[in-house]
Amino acid sequence: MQNLPSAYTSTTLLDGTVSLSKRVFPYDALREDTVVIKTEYLGICRADAKEIRGSRDVPQDRGPLFGHELVGTVCYAGSRTRFRDGETVTFNPNITPTRTTGFAEYVFVHGSEEQLEQAVVRVPEAGMGQGAWMPEPFACIVHAVKKLLELAGPASLRGKRTGIVGAGCAGLMFAMYARHLGAQVTVFNRGEQRRSFAREQEILAAHETHALADADSFRDEFDVVVVAPTIATTQILETAAGLTADGGHLLVYGGTRKGDIFPAGQADIDTIRRQELIEPVSYGTKRFHLTGAYGCFKEDYEDGFRLRAEHPEAFPLERLASRSIGLHEFPELIMDIAAGATDHPGKVLIRI
Ligand SMILES: NC(=O)c1ccc[n+]([C@@H]2O[C@H](COP(=O)([O-])OP(=O)(O)OC[C@H]3O[C@@H](n4cnc5c(N)ncnc54)[C@H](OP(=O)(O)O)[C@@H]3O)[C@@H](O)[C@H]2O)c1
């Protein structure tokens, strides 16, 4: 056990309001089945803002996501865990709901040995490389691409025309990976801010970015279309379906909610996404497959670390960071983001 304090700072999300407070360090929570992580930095995820607004369906088995993108150091590892003090780790929020928020100086994760092995992921020395980046959102992309290739059948994305709706963090990471795998990528985004950010950060070339409003000029052009905005409105899904070529695949990655059906009366896209299914659908004169991806596994983090270490030029993930703040600035900023009063492209990082 490293030197632990008598008090620490943590956030609370209660009735749509985020606050910061000093708490007594809970020594009684240091059990045999506990890992405590001293956080070093965190990412703000779109899901954090959605949970403040109550616009995200929280799965019972995983619990809320609020404060899940973190990198830190193990500072306590119970005797029934396989961790050691001082290990650099990150977190997989898809395993156990029994944990505290990452928006804090310390995070407490409880679980069986097997659960902890999946939920707390060791960061290899070479894994992070230059600059801070968030392993979890990248692991979800690595997972989604694997799932697409597994469900859809094409062994590779090489030469595939890939259209991505949304130039948020998810859309940009998908573009990096698809391009690395040999796809031709085109990213459509509603607003100019994220398109400019992607070009200025040299994540996308000018010819790879377009306004979502121009999507009509690319009808039926893409073998694979990925839907990755905050919300998958019927209009966005119509646009994505319009982009998909006859016989192609439309991967729903973000923004669906329970009960969403698309196209009219045909497929329960929220279930397709969360249960990672594939279904054939008709759209006008076309037929294509709808598919989805949700969450990730420890192996996806490990593949993400390997990809980034072996191909740093293909995965400039640190360039997604657009702003860095302290924990004391977090409640006001996240409340503004949730209210739509401010919007940062890329990833906002909190350094602790
Ligand atoms: N399947 C999974 O495992 C998984 C994992 C992580 C995240 N996600 C989901 O992926 C989604 C995107 O996450 P992110 O990190 O990329 O978020 P982000 O960085 O905040 O980007 C949000 C994106 O959504 C777009 N958008 C929001 N409202 C829109 C609307 N009404 N019409 C058109 N575009 C709209 C934004 O476009 P503007 O620039 O025009 O605002 C932006 O491109 C979220 O829903 C998240 O929950 C899924």
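In this chain, residues are counted from 1 in sequence order. Ligands are counted one by one from 1 in listed order, and the atoms in each one are counted from 1 as well.
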Inset, instruction - Kindly assign one of parallel, tilted or perpendicular to the pair F188 and F218, based on the angle between their ring planes and the thresholds 30° and 60°. - result: perpendicular
Legend entry - Main-chain N/O of L30 paired to Y76 side chain as donor or acceptor, under 3.5 Å: yes
Inset, instruction - Using heavy-atom distances, let me know which of T230, T233, V348 sits nearest atom 24 (O) of ligand 1. - result: T230
Inset, instruction - Identify whether NZ of Lys or CZ of Arg in R274 sits under 6.0 Å from the centre of the six-membered ring of Y294 and within 45° of that ring's axis. - result: yes
Inset, instruction - Kindly determine whether F66 and I52 satisfy side-chain contact (heavy atoms from CB on, under 4.5 Å), including the steps that lead there. - result: CA-CA 8 Å; F66 191 70; I52 294 172; 4.1 Å; yes
Inset, instruction - For A167, counting its heavy atoms only, list the atoms of ligand 1 lying under 4.0 Å from any of them. - result: 43 (O)
Inset, instruction - Walk me through it: do Q115 and D33 pass the test side-chain contact (heavy atoms from CB on, under 4.5 Å)? - result: CA-CA 10 Å; Q115 279 175 319; D33 68 344; over 6 Å; no
Legend entry - Heavy-atom proximity to atom 38 (P) of ligand 1, best of N189, V227, L172, D48: N189
Legend entry - R273: numbered ligand 1 atoms lying under 4.0 Å from its heavy atoms: 1 (N), 48 (C)
Legend entry - Y301 and F91 aromatic centres sub-6.0 Å: no
Legend entry - Which residue and heavy atom of the protein sit nearest atom 20 (O) of ligand 1, plus the separation: R46 NE, 2.7 Å
Legend entry - ring pair (Phe, Tyr, Trp, His ring centres under 6.0 Å) between F108 and Y106, intermediate numbers included: CA-CA 7 Å; F108 299 75; Y106 293 88; 7.0 Å; no
Legend entry - ligand 1 to K50 polar contact by distance, N or O atoms, under 3.5 Å: yes
Legend entry - Per-atom contacts of ligand 1 with G295, taking only distances under 4.0 Å to non-hydrogen atoms: 2 (C), 3 (O)
Legend entry - Numbered atoms and elements of ligand 1 in range of I236, under 4.0 angstrom, heavy atoms: 30 (C), 32 (N), 33 (C)
Inset, instruction - Consider only side-chain N and O atoms of S196 and E192, and report whether a donor and an acceptor are under 3.5 Å apart. - result: yes
Inset, instruction - Return yes when atom OH of Y41 has more than 12 non-hydrogen atoms of other residues, nucleotides or ligands closer than 6.0 Å, and no otherwise. - result: yes
Legend entry - Shortest protein heavy-atom distance from atom 21 (O) of ligand 1, along with the residue and atom involved: G168 CA, 3.3 Å
Legend entry - Closest protein heavy atom to atom 8 (N) of ligand 1, given as residue, atom name and distance to 0.1 Å: Y253 CE2, 3.7 Å
Inset, instruction - Report the part of A144 (side chain from C-beta onward, or backbone N, CA, C, O) that has a heavy atom under 4.0 Å from ligand 1; answer both or neither where that applies. - result: neither
Inset, instruction - Identify which of C140, G254, A228, P345 has a heavy atom lying nearest to atom 12 (C) of ligand 1. - result: A228
Legend entry - For atom 41 (O) of ligand 1, the protein heavy atom that lies nearest, with its residue and separation: R190 NH2, 2.8 Å
Legend entry - Nearest candidate to atom 11 (C) of ligand 1, where distance is taken over non-hydrogen atoms, out of P229, G255, A170: P229
Legend entry - Nearest neighbour in protein (non-hydrogen) for atom 19 (O) of ligand 1: C169 N, 3.0 Å
Legend entry - Note: E113-R80 ion pair, threshold 4.0 Å (strictly below): no
Inset, instruction - Please could you name the atoms of ligand 1 that I231 approaches to less than 4.0 Å, counting only its heavy atoms? - result: 28 (N), 31 (N)
Legend entry - Which segment of R194 sits under 4.0 Å of ligand 1 when only heavy atoms are counted: side chain
Inset, instruction - On the 0 to 90° scale, with breaks at 30° and 60°, tag the H249-H289 ring pair as parallel, tilted or perpendicular. - result: parallel
